[in-house]
Protein chains: 2
Amino acid sequence: MVTIKDVARAAGVSPATVSRVLNERPDVDPELAERVQAAIVELGYQPSRVARNLRRRETSVWGMIISDIRNPFFTDMVRGVEDVAYGAGYSLVLCDSDEDVAKEARYLDLIMAERMAGAIVSPASSVGSNLNPVIAQGIPVVLVDRRVDSPILDTVMVDDRRAARGAVEHLIANGYRRIACVTGPLDTTTGQERLAGYRDALERTGRPPEDELVRTADFKVGGGFAATRSLLELPEPPEAIFVANNLMTLGALSAIEAMGLVVPDEVALVGFDDMPWAPLIRPPLTAVAQPTYELGLETARLLLARIRGEKGPPRHVMLAASLEIRGSSAPRQRT
Amino acid sequence: MVTIKDVARAAGVSPATVSRVLNERPDVDPELAERVQAAIVELGYQPSRVARNLRRRETSVWGMIISDIRNPFFTDMVRGVEDVAYGAGYSLVLCDSDEDVAKEARYLDLIMAERMAGAIVSPASSVGSNLNPVIAQGIPVVLVDRRVDSPILDTVMVDDRRAARGAVEHLIANGYRRIACVTGPLDTTTGQERLAGYRDALERTGRPPEDELVRTADFKVGGGFAATRSLLELPEPPEAIFVANNLMTLGALSAIEAMGLVVPDEVALVGFDDMPWAPLIRPPLTAVAQPTYELGLETARLLLARIRGEKGPPRHVMLAASLEIRGSSAPRQRT
DNA sequence: CTGTTAGCGCATTCAG
DNA sequence: CTGAATGCGCTAACAG
């Protein structure tokens, strides 16, 4: 292991001077700097960030905890964060909580233990996720996509409730009456709000919300499949289904396929999160399109500002989603 | 910032004893240990891994560099790695090189600078990716999905060549003759081998490989789209296309859709990497299914063994892929 | 402009 | 079994 001392000795200077060269401080004699550079190359020296971090009491790493790395929604967002972080000289450490509060807690510990510069979290649960220790340690935290109940933090969200309402209103406008909803876990704000938006739409049109037609699943393919099948096996099945995330929509499509039903004639479908393959299936899928990459950008910018010392009350950014109307929710053909 | 000294003072012991408690060393008086635990809780003490890493000269973090975080193939693999790492007490840091050798180099630097315990890399280029410095630092490295030219490292691969050959032979068996290939960058081993497999299949059947029908794209949606369109605009377009990864297949499907062509009657299609939505499109997509999660598991196990000190020559694990036959490559209807 | 000195927070000697 | 002393590799503060 070649250290700063070895370089100093080889260049005939003191370790402090090597350190100055490494940190590109202007107050170094060009000739010495050159000798140091040469020694660094010659010895293949790689400064230890571990030591540097200890000494400086700061790191150049951000931690980002998402709840499902297999969900394209999150990975698109990650790209937005990454681009800002990379541009500002930070590295991004990605952690996958797998919708599991225990795993999430472990990654939060890691963020604290590594004294990371900042954290971006999409909490696994609005009640079970405890960010307080991280905040108490003075590490800036920004929430994205989902909120938690207690702390006062910067957040970047999509207007889920409005988007969900719009999706269901679209179904109503297209002549569907018995509309079901497959939402996510009710301890996530996205699960809550998308369900609330569904109910908003029904109430607006004077239709009482029918809890018989609401299913709560896990934001994953399997949950969407089971929930959809249970809906379609009702004595009086729904005419249309609003599914509150992309993976569950995949499950819903499989369930419909497995039961041999025709979309939208026998059951119409609107999903949440637009996907690259949505236009390619038959019929093409109507879906709420979220500004995923922009969510990442905004989140990263807020975090960067806090890391740079910006004070003041928490900021809440709310981005709008749009509805991509395609064939799976085509106007109802009454039979 | 509460340190080990604060805890020691609060518990009325020495820092060394606190350290022993933290590391669950058996040689501590139970009563003292209890007092230390109490003090830790009381003060909300969180040991600094930065300091611990410096002192121990080792970390409990793995670095994993993948070339595209938006590609489900990689994220599935990540889950496999994660499960092994998590189980063995390691944390996984995910880095996205975005198929860019420069970004990759930066993340490799990070792995070295942070003195990570091990690295898993899916190199952006078989020639441009330079892992030697990492290896020289004594950090165990395992390659997954792609190889690099020079170093002798453990690798975990899929038998790309054989899988590609099988896919193309399937098209031939189903009556297609003019078969095109959209492959990836030729400085990736996957790009090379899948093309080689395509050529193998053609040669076996006595058909000369036709370079006119080969396109090299970027393993991304846009590249697949452009390559496919250019193939279909040929004076004598192909009867079938073999596309060498999932994202490019998405692009190919869009191109075919945009040109209003019917699959498989006007052009048949076989993709590489099976996707959850592959059975849902019309017609369902025939694709080479890779054992993604298992790739991750095997890779992580090899790395774990090396970290634990296993010596010996490099090990090369090769997993087989399977062909999921669906409608997009149905037997040709001669007109 | 440069070298010397002194820690960052922790784990590991070595005495006791 | 426990505490005091030492240093991991680096940078900040201070002299010169």
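Residue numbering restarts at 1 for every chain, and letters A, B, ... go by the order of the sequence lines. Only heavy atoms go into these numbers, but all of them, side chains included; no hydrogens, no water, no symmetry mates. These numbers were taken from a predicted model, which means no experiment stands behind them.
No side-chain heavy atom of B:Asp109 sits under 4.5 Å from any side-chain heavy atom of B:Arg106. Looking at heavy atoms from C-beta onward, A:Glu114 lies out of side-chain contact with A:Thr59 at the 4.5 angstrom threshold.
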Whether each nucleotide of nucleotides 7-13 of chain D has a protein heavy atom under 4.0 Å at its base (B), only at its sugar-phosphate (S) or at neither (-) is summarised, 5' to 3', as BBBBBBB
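In the model, B:Tyr293 has a side-chain atom that pairs as donor or acceptor with a side-chain atom of B:Asp83 under 3.5 Å. Side-chain contact, A:Asn23 with A:Arg56: a donor N or O sits under 3.5 Å from an acceptor N or O. No donor-acceptor contact under 3.5 angstrom links the side chains of A:Ser129 and A:Arg146, judged on distance only.
With sequence neighbours left out, A:Leu54 forms a side chain to side chain contact (heavy atoms under 4.5 Å, CB included) with B:Val50, B:Ala51, B:Leu54. In this view, B:Tyr90 and B:Trp62 satisfy the ring-ring contact (aromatic ring centres under 6.0 Å, His included) rule, not counting sequence neighbours. Under the side chain to side chain contact (heavy atoms under 4.5 Å, CB included) criterion, A:Gln37 pairs with A:Val21, A:Ile40, not counting sequence neighbours.
Here chain B contacts DNA chain C (any atom closer than 4.0 Å to a heavy atom, that is under 4.0 Å), and the contacts span C:dG9 to C:dT13 from 5' to 3'.
Only one option out of B:Asp187, B:Asp100, B:Asn130 pairs with B:Ser125 in a side-chain hydrogen bond (donor to acceptor under 3.5 Å, both in side chains); it is B:Asp187. Each of B:Arg306, B:His316, B:Arg301 was evaluated against B:Asp154; a single residue qualifies, B:Arg306, per the side-chain hydrogen bond (donor to acceptor under 3.5 Å, both in side chains) test.
Across the protein-nucleic acid pair, B:Arg35 atom CZ and D:dC1 atom C1' stand 14 Å apart, rounded to whole Å.
No engagement by A:Val50 is indicated, since no non-hydrogen atom pair under 4.0 Å with the nucleic acid exists.
Taking the screw axis at each terminus of the helix from C:dC1-D:dG16 to C:dG16-D:dC1 from five consecutive base pairs, the angle between the two is 40° to within rounding of 10 degrees.
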